[in-house]
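Numbering of residues begins at 1 and proceeds along the displayed sequence.
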Amino acid sequence: MFTRIMTPVDLAHKDELERALKCSADLARHYDVPVVYVGVTSEQPSSIAHTPREYAGKLEEFVSEQTDKHGIKGSAHAMEAHDPTTDLDDTLLKAVDEVGADLVVMASHVPNILDYIWPSNGGKIAEHSKASVMVVRG
């Protein structure tokens with residue numbers, strides 16, 4: 001049914017992604033397909049990495065941990081955005097096409113009043129992506 005799963009990750013909050021990461025891995029095993037873990041960074045130094053190249057290396061390490069932990073095939077796809085906070089949705093939509101994903105599994109928060117004003121990342125990806133989108137809360 002699915003041929004490639006894309007899972008966006010925020011390395012600064014990887015402890016909050018556990019349910020989505022497990023769901024992504026379970027689906028990858030079920031369909032025997034790879035997961036592409038997508039991370040978005042900027043050219044500016046951050047708490048995670050000083051350069052995009054260093055960020056890509058840390059994303060590769062994260063993917064290695066995930067593939068070993070879950071026994072799945074996976075790869076890293078690091079992307080740069082001028083301002084990851086404001087450009088995240090568009091960057092992730094671009095990534096769906098770049099990696100050829102037909103399923104996106106992503107973490108989300110429990111909706112709150114601000115979601116009526118600003119849609120969540122998962123909501124925008126689901127609304128505009130050609131791929132199926134599974135938003136995992138928790």
Side-chain angles (χ1 to χ4, degrees):
M1 175 175 258
F2 298 109
T3 59
R4 180 165 290 127
I5 299 170
M6 180 180 116
T7 300
V9 296
D10 181 347
L11 294 180
H13 299 100
K14 56 186 173 183
D15 55 322
E16 298 171 21
L17 304 175
E18 195 56 41
R19 286 191 67 193
L21 295 171
K22 184 176 182 330
C23 182
S24 181
D26 288 347
L27 288 166
R29 275 192 307 276
H30 179 76
Y31 291 109
D32 191 28
V33 298
V35 177
V36 180
Y37 297 89
V38 174
V40 180
T41 190
S42 73
E43 292 183 15
Q44 304 303 314
S46 71
S47 61
I48 300 299
H50 296 95
T51 64
R53 184 178 181 143
E54 181 183 355
Y55 179 87
K58 290 189 177 195
L59 183 61
E60 290 280 352
E61 290 173 17
F62 175 81
V63 170
S64 180
E65 292 168 7
Q66 292 299 307
T67 56
D68 290 348
K69 177 180 178 179
H70 296 289
I72 59 172
K73 297 172 281 199
S75 62
H77 188 76
M79 299 190 70
E80 291 180 42
H82 176 70
D83 180 358
T85 304
T86 59
D87 299 334
L88 184 63
D89 295 337
D90 292 334
T91 305
L92 291 177
L93 285 168
K94 183 178 175 185
V96 172
D97 292 333
E98 285 184 7
V99 305
D102 53 1
L103 174 63
V104 178
V105 177
M106 62 189 300
S108 184
H109 62 281
V110 176
N112 59 43
I113 192 69
L114 289 177
D115 291 311
Y116 291 101
I117 300 167
W118 293 287
S120 67
N121 299 113
K124 184 167 181 186
I125 302 304
E127 185 176 349
H128 297 285
S129 176
K130 297 175 194 167
S132 296
V133 178
M134 177 181 278
V135 179
V136 181
R137 291 199 175 125

J.: Measuring from atom CD of Gln44 to atom NE2 of His82, what distance do you get when rounded to the nearest 0.5 angstrom?
T.: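 So the CD of Gln44 and the NE2 of His82 are separated by 8.0 Å.
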J.: What is the minimum heavy-atom distance between Ser129 and Val96, and which atoms define it?
T.: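 Answer, listing the atom of Ser129 first, then Val96: OG-CG1, 3.7 Å.
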J.: Between Met6 and Leu92, is the side-chain contact (heavy atoms from CB on, under 4.5 Å) condition met? List the steps.
T.: CA-CA 9 Å; Met6 180 180 116; Leu92 291 177; 4.2 Å; yes
J.: Where is the tightest heavy-atom contact between Val35 and Thr7, given as atom of each residue plus distance?
T.: CG1-OG1, 3.6 Å
J.: Kindly indicate, with the supporting measurements, whether the criterion side-chain contact (heavy atoms from CB on, under 4.5 Å) is fulfilled by Ser46 and Tyr55.
T.: CA-CA 9 Å; Ser46 71; Tyr55 179 87; 5.5 Å; no
J.: How far does NE2 of His70 sit from CD of Glu65, to the nearest 0.5 angstrom?
T.: 10.5 Å
J.: What is the minimum heavy-atom distance between Leu27 and Met134, and which atoms define it?
T.: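 Minimum heavy-atom separation between Leu27 and Met134: CD1-SD, 4.1 Å.
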J.: Once rounded to the nearest 0.5 Å, what's the spacing between atom NZ of Lys69 and atom OG of Ser64?
T.: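 These two atoms lie 13.0 Å from each other.
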J.: Under the side-chain contact (heavy atoms from CB on, under 4.5 Å) criterion, do Lys73 and Asp32 qualify, and how do the steps go?
T.: CA-CA 8 Å; Lys73 297 172 281 199; Asp32 191 28; 3.4 Å; yes
J.: Answer yes or no: is there a side-chain heavy-atom contact under 4.5 Å between Glu54 and Ile48?
T.: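 SC-SC contact between Glu54 and Ile48 ruled out.
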J.: Once you round to the nearest 0.5 Å, how far does CG of Asp10 lie from CG of Leu88?
T.: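 It is 8.0 Å, given to the nearest 0.5 Å.
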J.: After noting the C-alpha distance and the side-chain angles of Leu21 and Val9, does the key distance pass the side-chain contact (heavy atoms from CB on, under 4.5 Å) rule?
T.: CA-CA 9 Å; Leu21 295 171; Val9 296; 4.0 Å; yes
J.: Tell me the closest heavy-atom pair linking Val40 and Pro84, and the distance in Å.
T.: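 Between these two residues, the closest heavy atoms are CG1-CB, 4.1 Å.
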J.: What's the separation between atom OG1 in Thr51 and atom CD in Glu80, rounded to the nearest 0.5 Å?
T.: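 Between Thr51 OG1 and Glu80 CD, I get 9.0 Å after rounding to 0.5 Å.
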J.: Tell me, yes or no, whether the heavy-atom count around Glu98 atom CD, taken from other residues, nucleotides or ligands under 6.0 Å, exceeds 12.
T.: yes
J.: For residues Pro8 and Met106, report the shortest heavy-atom separation together with the two atoms involved.
T.: CD-CB, 3.8 Å
J.: Using a strict 4.0 Å threshold on nitrogen-to-oxygen distance, state whether Lys22 and Asp26 make a salt bridge.
T.: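 Salt bridge between Lys22 and Asp26, a charged N being under 4.0 Å from a carboxylate O: yes.
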J.: Ignoring hydrogens and angles, tell me if any N or O in the side chain of Arg19 forms a donor-acceptor pair with the backbone of Val136 under 3.5 Å.
T.: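 The answer is no, because no donor-acceptor pair under 3.5 Å joins these two groups.
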J.: What distance do His30 atom NE2 and Ile72 atom CD1 have between them, rounded to the nearest 0.5 Å?
T.: 14.5 Å
J.: May I ask you to say whether Asp102 pairs ionically with Lys130, meaning some side-chain N is under 4.0 Å from a carboxylate O?
T.: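 Looking at Asp102 and Lys130, the cut-off is not met.
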J.: Taking all heavy atoms of Gly74 and all of Thr67, pick out the closest pair and write down the distance.
T.: N-CG2, 3.5 Å
